[in-house]
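One structure is given below, encoded as structure tokens.
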Amino acid sequence: MDILFEKDVPLKLRDGVTVHVDVFRPLGSEKVPVIVAYSPYGKGQGTSASVMGVFGLVGLNNNVVSGLAKFEAPDPAFWVAQGYAICNPDIRGVVDSEGDSVIWDRQDGRDGHDIVEWLAEQAWCNGKVGMSGTSYLAVSQWFTAAEQPAHLAAINPWEGVSDVYRDLVMRGGMPDVGFARQLQEGSFFGKNRKEDLLAEVEKYPLINELWENKIPEFDRITVPAYVVASYSNTLHTAGTFRAWRRIASNDKWLRIHNGQEWPDYYDERNRADLLRFFDRYLKNVENDWEQTPPVRYSVLDLEGGDRVDLPATRFPPTDVVPTRFYLDGRSRTLTLDAPAAEFHASYAVASNPNAVSFLTRFDEETVIVGYPKAHLWVEARDADDMDLFVLVQKLDKYGTPLQAFTVPNQSAMAHDLTDHGATILRYKGSDGRLRVSARHLDEKLATGDVPAHSFDRVEKPSPGQIVDIEIDLMPMGLAFYPGQQLRFIVSSRNLLGTLMPAIEEYVGANSGQHVIHTGGGRASYLQLPVQARK
């Protein structure tokens with residue numbers, strides 16, 4: 001169909017800064033709703049070499065999007081044909097837009113609010129505005145919705161962080177800034193200043209007002225929300241689930257898929273699903289969207305038999321029981337009963353291996369779906385702190401680790417990239433990390449299933465002090481069949497490597513010997529969300 005393209009339309013924000021937007025909309029006089037794709041990556045790369053390079057990395061063909069599409073955003077070629085307008089802004093500080101750019105901040109929310117309200121006033125708009133997109137385009141929706149613009153009618157965050165400190169720059173209290181550097185230096189191109197996130201991490205290693213302003217006010221998000229998540233995106237998973245849990249929307253849906261976000265976002269079936277959601281809330285179409293299960297989750301088996309779109313009323317599903325698997329340092333196993341006698345397992349940080357692991361074998365099919373956590377008694381010898389990395393790994397009945405690509409690209413290059421690193425492309429299990437001096441729990445945010453740390457103090461263990469810590473691991477959905485095993489690894493090294501290809505890897509700040517205490521009065525355990533057997 002014919003598309004009316006309005007390019008570089010100036011839009012003045014509340015503080016006088018002028019930004020520019022591209023608008024794609026149907027010809028004719030009928031008023032239509034509009035979907036905003038808010039990010040700093042430029043208004044319309046379409047099928048440019050830069051976009052096709054990253055799409056090629058995951059194995060997407062360039063015919064997945066038209067030349068009108070913005071990176072990670074809804075494609076105007078599809079949505080305009082369905083009776084929608086698409087708005088692609090160059091946000092504050094990007095390209096010719098005025099002002100200094102910020103990286104994931106409540107300023108994004110204020111600017112997003114103003115863009116939404118400006119669009120609703122346009123003569124061609126029916127007064128209803130939605131937002132959609134993946135990654136940055138998902139994060140900006142949390143911030144915008146928290147500002148409660150009157151004409152924002154629905155949001156569709158499709159995987160993204162929801163706390164810059166905890167998800168992007170200081171996960172587990174460790175200054176892991178590889179992707180933040182790539183984001184800061186490889187985007188936000190404009191004529192004015194960029195926020196220096198790397199300098200801020202160095203200057204403010206603990207949570208303060210700056211970092212609080214990079215967390216959306218979840219309790220102010222009340223708009224209908226269709227949230228999409230996965231277990232396997234080591235950058236986005238924790239943040240997406242956190243935001244879905246904490247937003248105050250009465251009308252919210254969660255779908256957990258079994259791949260990588262870009263193939264999932266542009267899949268025809270998923271796009272049709274999203275169209276039903278937006279038709280309901282942006283066009284008032286009575287299409288029974290409300291009958292969609294509040295949660296649709298997946299269970300992976302890492303051997304090609306994943307189960308998807310499993311309906312539930314909540315996540316974890318109501319038939320899940322948090323179950324403690326106790327570490328036994330003597331036998332290196334996981335047991336349902338705490339060992340009576342205390343025993344420790346240890347490793348020297350400078351040695352090989354610099355890890356210890358514990359196994360359990362399942363004698364009948366077992367599904368683990370929900371939030372795992374580790375409660376460990378640990379000791380640093382000859383050091384005053386510990387960076388600990390943990391991983392829940394699935395093994396076949398012969399003890400071979402099972403993994404699965406999350407993307408169509410399974411080439412030799414993809415193998416090379418993901419043997420250690422590029423974790424968004426290949427799933428190897430549920431991981432977590434914590435710097436022991438950052439172990440203090442946030443009483444307001446922590447739950448029995450999901451530990452949350454305050455990151456507002458440093459509590460270094462004294463020599464010989466044994467402390468108990470809780471580590472949150474990525475949400476998971478994993479099936480184990482008779483004879484298969486679960487391996488729990490504790491290490492001083494980054495077990496999975498980098499989030500993305502070609503970024504700098506964080507190396508733990510460790511020395512001396514790490515001791516994991518088990519049994520007796522120091523019964524370390526791995527808590528797993530075990531689904532009741534059918």
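Since the structure is predicted, the reported quantities are computational estimates derived from the model, not experimental observations. One is the number of the first residue; the rest follow in order along the sequence.
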**Study point:** Verdict with supporting geometry, Tyr506 and Asp387, side-chain hydrogen bond (donor to acceptor under 3.5 Å, both in side chains)
**Key:** CA-CA 11 Å; Tyr506 175 73; Asp387 279 358; 2.5 Å; yes
Check your understanding: So Leu526 and Phe358, side-chain contact (heavy atoms from CB on, under 4.5 Å) or not? Walk me through it.
Key -> CA-CA 10 Å; Leu526 172 66; Phe358 305 82; over 6 Å; no
Check whether [X] reaches the backbone of [Y] with its side chain - one donor and one acceptor, N or O, closer than 3.5 Å.
X	Y	result
Thr447	Val450	yes
Arg439	Glu459	yes
Lys460	Val436	no
Asp396	Thr400	yes
Ser430	Met474	yes
Thr498	Pro501	no
Ser491	Arg493	yes
Asp301	Gly305	yes
Lys394	Ala479	yes

Check your understanding: Out of Tyr136, Tyr38, Trp211, which residue meets the ring-ring contact (aromatic ring centres under 6.0 Å, His included) rule with Trp104?
Key ->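 So the option named by the test is Tyr136.
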Exercise for review: State, with a plain yes or no, whether a side-chain heavy atom of Ile469 is found less than 4.5 Å away from one of Ile471.
Suggested key: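 Sidechains of Ile471 and Ile469: in contact.
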**Study point:** Student check: side-chain heavy atoms of Ile103 and Val164 closer than 4.5 Å
**Key:**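 They are not in contact (no side-chain heavy atoms under 4.5 Å apart), so the answer is no.
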Shortest non-hydrogen contact from [X] toward [Y]:
X	Y	answer
Val139	Val161	CG2-O, 3.3 Å
Ala338	Ala523	CB-CB, 4.1 Å
Phe389	Ser492	CE1-O, 3.5 Å
Leu235	Asp167	CD1-O, 4.0 Å
Tyr347	Gln513	O-CG, 3.2 Å
Tyr165	Leu206	OH-CA, 3.8 Å

Check your understanding: Could you walk me through whether Asp472 and Asp449 pass the side-chain contact (heavy atoms from CB on, under 4.5 Å) check?
Key -> CA-CA 8 Å; Asp472 56 308; Asp449 291 341; over 6 Å; no
Do the side chains of [X] and [Y] get close enough for a salt bridge, i.e. N-O under 4.0 angstrom?
X	Y	answer
Arg255	Asp264	yes
Arg110	Glu147	no
Arg181	Asp176	no
Glu379	Arg522	no

Point to revise | Test side-chain hydrogen bond (donor to acceptor under 3.5 Å, both in side chains) applied to His415 and Asp419, step by step | key: CA-CA 6 Å; His415 279 274; Asp419 278 342; 5.1 Å; no
Review point. Run the side-chain contact (heavy atoms from CB on, under 4.5 Å) check on Leu496 and Leu391 step by step: do they pass?
Key: CA-CA 9 Å; Leu496 296 181; Leu391 177 67; 4.2 Å; yes
**Study point:** Phe143 six-ring face occupied by Arg106 cation (under 6.0 Å, within 45°)
**Key:**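 Judged by the rule (NZ or CZ under 6.0 Å from the ring centre, within 45° of its axis), Arg106 is not positioned above Phe143.
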Practice item. Could you walk me through whether Ser454 and Asp456 pass the side-chain hydrogen bond (donor to acceptor under 3.5 Å, both in side chains) test, one step at a time? Key: CA-CA 5 Å; Ser454 63; Asp456 61 353; 2.6 Å; yes
Centre-to-centre under 6.0 Å for [X] and [Y], is that the case here?
X	Y	answer
Tyr265	Trp158	yes
Tyr371	Phe315	yes
Phe455	His440	no

**Study point:** side chain to side chain contact (heavy atoms under 4.5 Å, CB included), paired with His514, selected from Leu388, Val378, Asn354
**Key:**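 That would be Leu388.
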Practice item. Verify the neighbour count for atom OH of Tyr204: are there more than 12 heavy atoms of other residues, nucleotides or ligands below 6.0 Å? Key: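 No, OH of Tyr204 has 12 or fewer neighbouring heavy atoms, counting only those of other groups under 6.0 Å.
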Review point. Does atom CD of Gln403 have more than 12 heavy-atom neighbours from other groups under 6.0 Å away?
Key: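 Atom CD in Gln403 is crowded, with more than 12 foreign heavy atoms closer than 6.0 Å.
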**Study point:** Step-by-step side-chain contact (heavy atoms from CB on, under 4.5 Å) determination, Glu261 to Val228
**Key:** CA-CA 9 Å; Glu261 63 201 43; Val228 180; over 6 Å; no
Practice item. Begin from the C-alpha positions of Glu159 and Ser230 and carry the test side-chain hydrogen bond (donor to acceptor under 3.5 Å, both in side chains) through to its verdict. Key: CA-CA 7 Å; Glu159 298 205 50; Ser230 73; 3.1 Å; yes
Exercise for review: Please identify each residue that fulfils side chain to side chain donor-acceptor pair (under 3.5 Å) with Thr366, with sequence neighbours left out.
Suggested key: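 For Thr366 the side chain to side chain donor-acceptor pair (under 3.5 Å) partners, ignoring immediate neighbours, are Arg533.
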